[in-house]
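Everything below concerns the one structure shown next.
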Amino acid sequence: MTNWKKLTCTLQELRLDVALVCGQSFRWKEIKPGVFRSVLAGGVWTLTQTNEGDVLYEVNRPETPKHKLSNKCRVTTHATTKTKFQLTDEDILKDYFQLNTSLKDLYDQWSKADSNFSKIASKFVGVRTLRIDPTENLISFICSSNNNISRITGMVEAMCTNYGDMLMEMDGEKWYSFPDAACLTGPDVETKLRKLGFGYRAGYISSSADFIMQNGGTEWVKSLRNVTYAEAKESLLKLKGVGPKVADCVCLFSLDKTEAIPVDTHVWQITARDYMPKLTKTKSLTAKVYQEIGNCYRQLFGQYAGWAHSVLFSADLRKFKELQEKQHEPGLEIKREHGSTTEKQKNRKRQARKLVKTEKEVAKRIKTEIE
DNA sequence: ACACGACCTTCCGC
DNA sequence: AGCGGAAGGTCGT
């Protein structure tokens, strides 16, 4: 039924099942085991990967042009959509995964520089930094502050269903584009977002959308790709609800700033444990400590330190612990022979089940609220 | 510069 | 049953 197209790839260059759901983008859904779906560049993309590493993909686009779809908000499309060099689907995919940069070469370089990385990397290949639409990424990460993953995912989805364009229905589910910043301006946006459960982030989003529109819209955010890391970060920090961490997420996942290191509580812990033991004494994540942590990784890994950070961060996520063990940790089988699994393993499995459960519930609840 | 506390909301553990 | 603490921070003092 599905008509896959193939993009030649290897697992060393890309592990779809990790890269899509390790907290860079909040929009990929695993619709079947190993099959992922999301909206990209105005189309609905379905992706999976063969055992050899080739990426299989299918794109579905709405029949009607975008500007006719929505009565919520009309945006005059830029002339840029009419360039004479039309991007192919493969171009779009290669750009999203930044496949022109060899991840294997980088892994080799980082492994040589750091034995801890080397140990992790051998069991955790293909963790690739994505190149996400800048404004989508920015708004999404404003939602992330002092918040948990399942709720963030639900909020981003609510954002799309309430302010985006419905592109099409597939397998009984409607797929929406991420809203343009123009759709998020106006006096009633904050109130509505609050009603949708965004909390105090409603004001941040409304204010930031206004700021973006006053500075040239989404094209302005995108244009930060053409300035230095320091300049891009400085600009982003002007937006309400954007602090150093969110700014670095946008720099790294959207603006080609490969040396940006987003430091959240999680990265702070990892760094204290594996790289800077003195940090265990620090009480809070001050600007100075934030800078020190970034510098530590940049010194160790070089220009692509942010990409290396993505590997270390993902490898430490609870939901990937089992993946690592199953594949490469012989200790697991030995423990099983002794009868029961350890408490730690049981806890992890329980947590993983909960994660899946809550994500589903949140999505369902938000859907019913809208109707 | 740095340390606090407040902030929406949800979920989890006791 | 109900309350405290944390969740991929940021803002204001």
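Just so we're on the same page: letters track the sequence lines, and every chain starts at 1.
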Using whole Å, what does the distance between atom C1' of nucleotide B:dC11 and atom CD1 of A:Ile152 come to? 13 Å

Could you go step by step and tell me if A:Asp171 and A:Arg37 meet the salt bridge (Lys or Arg N to Asp or Glu O under 4.0 Å) rule? CA-CA 11 Å; A:Asp171 303 328; A:Arg37 184 170 287 165; 2.9 Å; yes

Just the dot-bracket of DNA chain B, please: which string comes out with Watson-Crick or G-U pairs under 3.5 Å, [ ] for crossing, | for another strand? ..|||||.||||||

Taking only residues two or more places apart in sequence, or in another chain, which ones meet A:Glu190 in a side-chain contact (heavy atoms from CB on, under 4.5 Å)? A:Arg194, A:Ala202, A:Ser206

If the threshold is 4.0 Å, N to carboxylate O, is there a salt bridge linking A:Glu90 and A:Lys6? no

Evaluation steps, side-chain contact (heavy atoms from CB on, under 4.5 Å), between A:Tyr107 and A:Phe117: CA-CA 9 Å; A:Tyr107 265 59; A:Phe117 183 93; 4.2 Å; yes

Can you check the A:Tyr200 OH to B:dG5 P distance for me, whole Å? 16 Å

Taking DNA chain B as the partner, which of residues 127-143 of chain A come within under 4.0 angstrom of it by heavy atom? none

With rounding to whole Å, what would you report as the distance between B:dA6 and C:dG4 at their P atoms? 14 Å

Would you find a donor on one side and an acceptor on the other, under 3.5 Å apart, between the side chain of A:Glu58 and the backbone of A:Trp4? no

For the C1' atoms, the ones on B:dC2 and on C:dG8, what distance do you get once it is rounded to whole angstrom? 23 Å

With side-chain contact (heavy atoms from CB on, under 4.5 Å) as the criterion, how do A:Phe211 and A:Lys240 come out once you've worked through the C-alpha distance, each side chain's angles and the decisive distance to 0.1 Å? CA-CA 9 Å; A:Phe211 186 96; A:Lys240 261 282 180 1; over 6 Å; no

Under the side-chain contact (heavy atoms from CB on, under 4.5 Å) test against A:Tyr304, which residue among A:Leu103, A:Asp105, A:Leu106 passes? A:Leu106

Round to a whole Å and report the spacing from CG of A:Asn146 to P of B:dT9. 13 Å

Looking at the base of B:dT9, is there any donor atom on it, or on the side chain of A:Arg151, that sits under 3.5 Å from an acceptor on the other one? yes

Is the positively charged end of A:Lys192 above the ring of A:Tyr163, judged by distance under 6.0 angstrom from the centroid and angle within 45° of the axis? yes

Does a side-chain heavy-atom distance below 4.5 Å link A:Trp28 with A:Leu47? yes

If you count every heavy atom of other residues, nucleotides or ligands that lies below 6.0 Å from A:Glu30 atom CD, does the total exceed 12? yes

Can you give the first and last nucleotides of DNA chain C, 5' to 3', that have an atom under 4.0 Å from a heavy atom of chain A? C:dA7 to C:dG12

For a quick check of understanding: with a heavy-atom distance under 4.0 Å over all strands, which category does A:Arg201 fall into, base, sugar-phosphate or nothing? base

Shortest non-hydrogen contact between A:Cys143 and A:Ile152, atoms and distance: O-CG1, 3.9 Å

Check this for me, if you would: do A:Lys257 and A:Glu231 make a salt bridge, where the nitrogen-to-carboxylate-oxygen distance has to be below 4.0 angstrom? no

Which residues, if any, of residues 264-293 of chain A bring a heavy atom under 4.0 Å of DNA chain B? A:Ser284, A:Thr286, A:Lys288

Side chain A:Arg27, main chain A:Leu40, donor-acceptor under 3.5 Å: no

When you measure from every atom of DNA chain C, which of residues 230-260 of chain A have a heavy atom less than 4.0 Å away? A:Leu239, A:Lys240, A:Gly241, A:Val242, A:Gly243, A:Pro244, A:Lys245, A:Val246

Assess whether a salt bridge exists between A:Asp108 and A:Lys104, defined as any Lys/Arg side-chain N lying under 4.0 Å from an Asp/Glu carboxylate O. yes

Assess the pair A:Tyr204 and A:Phe198: is the distance between their ring centroids shorter than 6.0 Å? no

Using the P atoms only, state how far C:dG2 lies from B:dC8, rounded to an integer number of Å. 25 Å

Any salt bridge linking A:Asp89 with A:Arg61? Criterion: basic side-chain nitrogen under 4.0 Å from a carboxylate oxygen. yes

